[in-house]
Structure formats: structure tokens, C-alpha cells
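Here the structure is laid out as C-alpha cells; the discussion comes afterwards.
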Amino acid sequence: MANLITIARLPLLYLYIYFLYSENPKLLLFNIPFIIFIIAMDSLDGYVARKYNETSLLGSVLDIAIDRVVEIILWIVFAHLGLISIVVPIIVVNRGVVVDALRGIGMKDGIAPFDQIKNPINQFLVKSRFMRALYGIFKTISFVILSVAQYLIVSGHGSADVVLSVSQYIVYFTIFLTILRGLPVIIESIQYKNE
């Protein structure tokens with residue numbers, strides 16, 4: 001069940017993107033809570049997996065893969081719409097590809113991605129509830145405020161420029177967190193490979 005929830009995020013994401021490009025103010029307004037729901041499904045799948053004892057290496061990897069797909073596609077779409085710089089998805093794609101490739105080293109030995117981090121500071125940065133929640137909150141805020149900006153632009157509201165300006169600070173802080181949480185994986189993976 002948990003893996004089905006994880007996979008269900010993809011068709012919902014594509015529907016969200018369809019609405020984002022629709023230029024229909026009603027659909028764009030609907031998109032604001034809709035993106036929150038899509039992102040919240042990430043917590044729901046984890047909750048269901050733990051509650052029904054469905055946790056597995058496959059589920060862990062699938063969860064990370066779908067999270068990555070959702071995140072990368074959204075950053076690319078927002079850049080394509082001109083709401084953010086192309087630098088943002090370039091950073092996110094590079095970080096994601098490198099981190100996931102290096103995690104593959106441990107996964108070949110059956111070690112789940114979050115279990116590969118050993119250093120206590122790195123564990124805090126990568127897998128602590130606080131850092132995962134902080135990153136999740138800022139990522140959600142970024143996607144929501146960019147959805148709001150697109151709605152305001154299409155609707156012709158004068159406040160679109162203000163919202164778009166504020167969104168840039170939030171987006172770049174989110175990207176800072178992306179890099180901050182990726183570096184420990186890179187560092188420890190290199191150490192693991194050299195052992």
C-alpha cells in the first residue's frame with residue numbers, strides 16, 4: 001500500500017503541471033492546495049509503511065526516487081515558466097544524480113540510503129527529523145509560493161512581482177539546504193568507497 005501511495009504521486013504531479021500551464025485562473029488557484037497534497041503524500045507513504053510494517057529497501061529507494069522525480073520536474077517546470085533561474089534545476093539535478101549514484105555503492109551491499117550516514121553531524125544534516133522537516137517545509141513553501149505567483153501572473157494581479165521577489169529568497173534558501181544535505185552523502189560515500 002505504501003509503495004502505491006508513493007507511485008500515485010506521479011500522475012497527480014502531471015495533472016498539477018497540466019493545470020500550471022493551463023492559463024486558467026480557477027485551475028491555478030486549485031493548484032495551490034493541490035501541490036501541498038502531492039507533497040504531503042510523501043509523509044503519508046512513510047506513515048503507512050511504518051504503521052503496517054511495510055518498510056523495505058525497495059520502498060526506501062522508491063520513495064527517494066519519486067521524491068527526486070517530483071522535485072526535479074517541478075524545478076524544471078518553474079524555470080521553464082520563467083519563475084526561477086535555470087541555475088536552480090541545474091543545481092538540483094547535479095546534486096540528485098551525484099548523491100543517488102553514490103548511495104548506490106551502499107545499496108549494493110543492502111544498506112538503505114539513510115542508514116549509510118555514520119558521522120553524527122552528517123546524520124543530523126541528512127536524516128534527522130528536524131533537517132528533513134526543515135527542508136520539506138521550505139521546499140513546500142517554495143512550490144506553493146511559485147504556484148501562487150503563477151496564479152497571480154495569469155490573473156493579472158499587481159502583487160505578482162512582490163510575490164515573485166519574495167519567492168526567490170525562499171527558493172535560494174531551499175537550494176542552500178539541498179546542497180547542505182547532499183554534501184555529507186558525498187563525503188561519506190567517498191570514504192566508504194576508499195575503505
(message) Is there a side chain to side chain donor-acceptor pair (under 3.5 Å) between T174 and Y135? Walk through the geometry before answering.
(response) CA-CA 7 Å; T174 303; Y135 178 62; over 6 Å; no
(request) Can you measure from CZ (R132) to CG (L177) and round to the nearest 0.5 angstrom? (result) 14.0 Å
(request) Decide yes or no for R181 and K127: does some side-chain heavy atom of the first lie under 4.5 Å from some side-chain heavy atom of the second? (result) no
(message) Please report the interatomic distance CD1(I84) to CD1(I175), rounded to the nearest 0.5 Å.
(response) 7.0 Å
Please report, to 0.1 Å, the donor-acceptor pairs under 3.5 Å made by any side chain of residues 14-21, with sequence neighbours excluded.
| unit_1 | atom_1 | unit_2 | atom_2 | d |
| --- | --- | --- | --- | --- |
| Y16 | OH | S147 | OG | 2.4 |
| Y21 | OH | H80 | ND1 | 2.7 |

(message) Between L28 and E23, is there a side-chain heavy-atom distance shorter than 4.5 Å?
(response) no
(message) Working note: L74 + K139, criterion side chain to side chain contact (heavy atoms under 4.5 Å, CB included); need CA distance, chi angles, decisive distance, verdict.
(response) CA-CA 10 Å; L74 286 174; K139 188 167 55 170; over 6 Å; no
(message) Which label fits F34 and F37: parallel for a plane angle under 30°, tilted from 30 to 60°, or perpendicular past 60°?
(response) parallel
(request) Flag the pair Q168 / L164 as yes when at least one side-chain heavy-atom distance between them is below 4.5 Å, and no otherwise. (result) yes
(request) Tell me, with the steps shown, if H157 and V163 meet side chain to side chain contact (heavy atoms under 4.5 Å, CB included). (result) CA-CA 10 Å; H157 285 268; V163 171; over 6 Å; no
(message) Can you confirm whether L183 sits close enough to N122 that some side-chain heavy atom of one is under 4.5 Å from a side-chain heavy atom of the other?
(response) no
(message) Distance check, rounded to the nearest 0.5 Å: I35 atom CD1 versus L12 atom CG?
(response) 9.5 Å
(request) Report yes if the side chains of I153 and L83 come closer than 4.5 Å at any heavy-atom pair, otherwise no. (result) yes
(message) Less than 4.5 Å apart, side chain to side chain, heavy atoms only: is that true for L180 and M131?
(response) yes
(request) Work out which heavy atom in D67 is nearest to a heavy atom in R9; give both atom names and the distance. (result) OD1-NH1, 2.5 Å
(request) Apply the test side chain to side chain contact (heavy atoms under 4.5 Å, CB included) to residues E71 and T178: give CA-CA distance (whole Å), side-chain angles for both, the deciding distance (0.1 Å), then the verdict. (result) CA-CA 11 Å; E71 182 177 10; T178 299; 4.1 Å; yes
(request) List, by chain and then residue number, the residues other than I90 in its hydrophobic cluster (Ile/Leu/Val/Met/Phe/Trp/Tyr, side-chain heavy atoms under 4.5 Å); write none if there are no others. (result) I86
(request) Look up atom OG in S155 and atom CD in Q150, then write down how far apart they are to the nearest 0.5 Å. (result) 9.5 Å
(request) Flag the pair S85 / Y172 as yes when at least one side-chain heavy-atom distance between them is below 4.5 Å, and no otherwise. (result) yes
(message) Same cluster or not: V171 versus Y169, using hydrophobic residues (I, L, V, M, F, W, Y) connected whenever any side-chain heavy atoms lie under 4.5 Å apart?
(response) no
(message) Just verifying a value: how many Å separate L13 CG and I73 CD1, rounded to the nearest 0.5 Å?
(response) 5.0 Å
(message) How long is the straight-line distance from OH of Y151 back to CG of N31, given to the nearest 0.5 Å?
(response) 12.0 Å
(message) When you compare the side chain of W75 with that of F143, does any pair of heavy atoms fall below 4.5 Å?
(response) yes
(message) Minimum heavy-atom separation for R68 and G96, please, with both atom names.
(response) NE-CA, 3.6 Å
(message) Has S22 got a side-chain atom pairing as donor or acceptor with N24's backbone, closer than 3.5 angstrom?
(response) yes
(message) Is there a continuous path of hydrophobic side-chain contacts, each under 4.5 Å between heavy atoms, that joins V92 to V97?
(response) yes
